[in-house]
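All figures in this text were calculated on a predicted structure; none of them were measured in a lab.
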Amino acid sequence: TPHIAFYRFRSDTHTDTLKIAHYDDSLGSWIVDPVLCNIQGSIPVSLVLDSQDYPYIAHTVDIGLYCTWWDGTTWQSEYTGADLGWIGIRIALDLDSLDNPHIAYLPEPLIGRTCYCYKKDNVWHLCGWIESDSSTLTIDADISFTLDRLDKPHVCYQFLSEHGADTTGIKYAKGTFVGVAEHKNGKLEKEFELQVF
């Protein structure tokens, strides 16, 4: 059954609503239902179906990155811990073999670079930048993201290099992201293995 997730914007009342639609073959029409109401979200949203064909949606509330899913009875929603901003953001969601959500996302291009996070054992892990070169900016362009059969992430995104003359291109990254470890001194240490092409 086809599913679509989208925002309905109400600029006059600021009562944005995250909605989901699915096609009902027996009725021969689309059924539209609200997921979250009275939120201030922004485009885009990303939707996938889990192993039971229940929808998972990655989206924003205010400037925060959220994951919302149907558990068979009610909608559940969690803040991932990542902030995206408002303009030019991108979100791409996939689920691993255990139905854990993994998200590649682009915060506002002027303040961020393509990043990655995932949920495991009911904890969100923020892996930080996919691009290891801090002088490479991500362009305001879509990102493509999927997990392979071994649950390894694959990400493709457009970049702009600041080394001398501006150079644009497309990069492809794959690897095993370990996440972010918090140490006693309060500093965050990024730990990940990644190949960027």
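Of all heavy-atom pairs between Pro107 and Tyr105, the closest is CD-O, 3.7 Å. Of all non-hydrogen atoms in Asn38 and Thr17, the two that sit nearest each other are N-OG1, 4.4 Å. The two residues Leu95 and Pro101 come nearest to each other via the heavy atoms CD2-CA, 3.5 Å. A pairwise comparison of heavy atoms in Arg90 and Pro44 identifies CA-CG, 4.0 Å as the closest pair. Here the closest non-hydrogen pair linking Ser51 and Asp99 is OG-OD2, 2.6 Å.
Residues forming a salt bridge (Lys or Arg N to Asp or Glu O under 4.0 Å) with Lys19 (at least two apart in sequence, or on another chain): none. The ring pair (Phe, Tyr, Trp, His ring centres under 6.0 Å) test applied to Phe145 returns Tyr116, not counting sequence neighbours. Taking the ring pair (Phe, Tyr, Trp, His ring centres under 6.0 Å) definition, one finds that Phe6 meets it with nothing, sequence neighbours left out.
Inter-residue side-chain proximity for Asp148 and Lys174 is flagged as unmet; no heavy-atom pair is nearer than 4.5 Å. For the pair Ser144/Tyr172, no side-chain contact is recorded, criterion being any heavy-atom separation below 4.5 Å from C-beta on. Side-chain contact check for Ile91 versus Thr60: some heavy-atom pair is nearer than 4.5 Å. Within the 4.5 Å cutoff, side-chain heavy atoms of Tyr7 are placed close to those of Ile39. Within the 4.5 Å cutoff, the side chain of Trp69 has no heavy atoms near those of the Asp50 side chain. Within the 4.5 Å cutoff, no side-chain heavy atoms of Leu93 are placed close to those of Ile57. At least one side-chain heavy atom of Trp30 sits under 4.5 Å from a side-chain heavy atom of Pro2.
For the atom pair Glu108 CD and Leu84 CG, the distance stands at 8.5 Å (nearest 0.5 Å). Rounding to the nearest 0.5 Å places CD1 of Ile103 at 11.5 Å from SG of Cys127. The distance from the OH atom of Tyr118 to the SG atom of Cys67 is 15.0 Å, given to the nearest 0.5 Å. With rounding to the nearest 0.5 Å, the separation of CG in Asp24 from CD1 in Ile31 is 5.0 Å. Rounded to the nearest 0.5 angstrom, Leu147 CG and Lys152 NZ are separated by 10.5 Å.
Asn100 places no side-chain N or O within 3.5 Å of a backbone atom of Lys120 that could act as its donor or acceptor partner. Counting only distance, with no hydrogens or angles, the side chain of Asp151 and the backbone of Ser97 share a donor-acceptor pair below 3.5 Å. Side chain of Thr80 to backbone of Leu65: a donor-acceptor contact under 3.5 angstrom is found.
Residues Asp62 and Tyr66 have side chains that never bring a donor and an acceptor to within less than 3.5 angstrom of each other.
Exactly one of Glu78, His102, His125 qualifies for a side chain to side chain contact (heavy atoms under 4.5 Å, CB included) with Lys119. That residue is Glu78. Between Trp75 and the choices Tyr56, Tyr54, Trp70, the ring-ring contact (aromatic ring centres under 6.0 Å, His included) rule is met once, by Trp70. Partner of Ile20 under the side chain to side chain contact (heavy atoms under 4.5 Å, CB included) criterion, out of Leu47, Ile4, Thr68: Leu47 alone.
The same ILVMFWY cluster, assembled from side-chain heavy atoms under 4.5 Å apart, contains both Leu18 and Leu49.
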